[in-house]
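Structure first, then comments.
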Amino acid sequence: MVEHSLKPSSLRTPPSVILSIIGVSAAASALIGWLVYFHTPTDVDHHQLRSLPLVNAVLNALATLALVTGFYEIRERRVLHHRASMFAAFFFSSIFLVSYLVNFTLHGETRFNRFNHWWPFYWKLLASHIVLSTIALPLILITFFLSLTGRFPAHKKLARWTFPIWLYVSVTGVIVYLMQAACR
């Protein structure tokens, strides 16, 4: 009897997995859209959890450090260190997303003064951050799935796109917070 063994890298990802990941990402984006455009904040006076925007910025900064460390580690071919760094980045980004949703539920959207001389830069930065964050979520989830299932050639190919987008979203999240904090 001959055993057929497939290398994980030669397997095809079932379309249902990809559709599930895209569905989860779309649901998260829809929830954020609902919070932005339809939900009335429950604590507009900021009495509860006032430090959440700062916590979110710190989580984004930690995700950035983990991403850069993970990039360095894979360049040095230290796969286990790379994996640990990427799990840390995933953890920080996941906690950020939960904290962000709680902050938005409580406090709503942070307004930036349109008469501020930084407004033209700010809205372009924020727009690119929002668009790329909606793209980043499914990319991150698919890239992780490929890694966890041992599909390393596909993981590497997708990670070349995922990494810079994820890094940009993390860095610009911190910049947006700093600009909002400076203009309050």
Side-chain angles (χ1 to χ4, degrees), residues 21-22 24-37 39 41 46 49-75 82 84-145 147 155-184:
I21 289 171
I22 291 171
V24 166
S25 301
S29 295
L31 176 59
I32 292 168
W34 178 78
L35 287 171
V36 170
Y37 296 108
H39 172 73
H46 296 343
L49 302 173
R50 284 187 269 198
S51 63
L52 280 180
L54 174 61
V55 169
N56 291 340
V58 168
L59 289 167
N60 267 326
L62 291 171
T64 299
L65 290 172
L67 286 167
V68 170
T69 302
F71 181 77
Y72 172 78
E73 295 297 351
I74 201 63
R75 288 284 184 212
H82 165 74
S85 295
M86 298 317 291
F87 271 108
F90 187 81
F91 172 78
F92 292 130
S93 291
S94 298
I95 299 302
F96 160 80
L97 183 57
V98 171
S99 177
Y100 178 82
L101 291 172
V102 169
N103 183 55
F104 230 101
T105 301
L106 290 173
H107 308 132
E109 185 177 6
T110 302
R111 303 277 181 205
F112 193 89
N113 183 353
R114 291 180 183 212
F115 297 109
N116 186 300
H117 68 280
W118 285 103
W119 171 252
F121 174 77
Y122 173 81
W123 79 260
K124 291 171 190 164
L125 182 74
L126 182 61
S128 67
H129 172 81
I130 291 168
V131 168
L132 288 175
S133 68
T134 60
I135 294 168
L137 183 56
L139 286 177
I140 292 164
L141 295 175
I142 294 168
T143 303
F144 260 81
F145 175 80
S147 172
H155 167 80
K156 183 178 179 181
K157 189 182 279 188
L158 187 57
R160 291 176 191 256
W161 292 94
T162 305
F163 171 73
I165 293 171
W166 191 359
L167 184 63
Y168 180 85
V169 168
S170 294
V171 169
T172 56
V174 175
I175 295 169
V176 164
Y177 165 76
L178 291 173
M179 290 184 77
Q180 290 174 347
C183 294
R184 280 189 207 140

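It should be emphasised that the depicted structure is a prediction, and the values quoted were computed from it without experimental measurement.
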Item to check | Side-chain heavy atoms of S85 within contact of L67, under 4.5 Å | outcome: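 When only atoms from C-beta onward are counted, L67 and S85 do not touch, as no gap falls below 4.5 Å.
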Does any pair with a residue in residues 129-139 pass side-chain hydrogen bond (donor to acceptor under 3.5 Å, both in side chains), and if so which ones, sequence neighbours excluded?
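Non-adjacent pairs meeting side-chain hydrogen bond (donor to acceptor under 3.5 Å, both in side chains): H129-T172.
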> Which pairs pass side-chain hydrogen bond (donor to acceptor under 3.5 Å, both in side chains) with one or both residues in residues 56-72, sequence neighbours excluded?
Replying inline: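 Every pair satisfying side-chain hydrogen bond (donor to acceptor under 3.5 Å, both in side chains) with a residue in residues 56-72: N56-S99.
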[X]: side chain to side chain donor-acceptor pair (under 3.5 Å) partners, not counting sequence neighbours:
| X | answer |
| --- | --- |
| Y100 | none |
| S93 | W166 |
| T162 | T143 |
| S128 | Y168 |

Sequence neighbours left out, what passes side-chain contact (heavy atoms from CB on, under 4.5 Å) with [X]? Give chain and number order.
| X | value |
| --- | --- |
| I21 | V17, S25, P138, L141, I142, F145 |
| V58 | L54, L62 |
| A61 | V174 |
| I130 | L126 |

Among all residues two or more places apart in sequence or in another chain, which pass the ring pair (Phe, Tyr, Trp, His ring centres under 6.0 Å) test with F91?
->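 Scan of F91 (ring pair (Phe, Tyr, Trp, His ring centres under 6.0 Å), adjacent residues dropped) gives none.
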**Prompt:** Between L59 and I95, which heavy-atom pair has the shortest distance, and what is it?
**Reply:**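 That closest heavy-atom pairing would be CD1-CG2, 3.7 Å.
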Mind telling me whether H155 and H82 have parallel, tilted or perpendicular rings, with 30° and 60° as the class edges?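 H82 vs H155 ring planes: perpendicular.
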Less than 3.5 Å apart, which donor and acceptor atoms pair up between the side chains of residues 114-122 and the rest of the protein, not counting sequence neighbours?
from, atom 1, to, atom 2, distance (Å)
N116, OD1, W118, N, 2.6
Y122, OH, Q180, NE2, 2.7

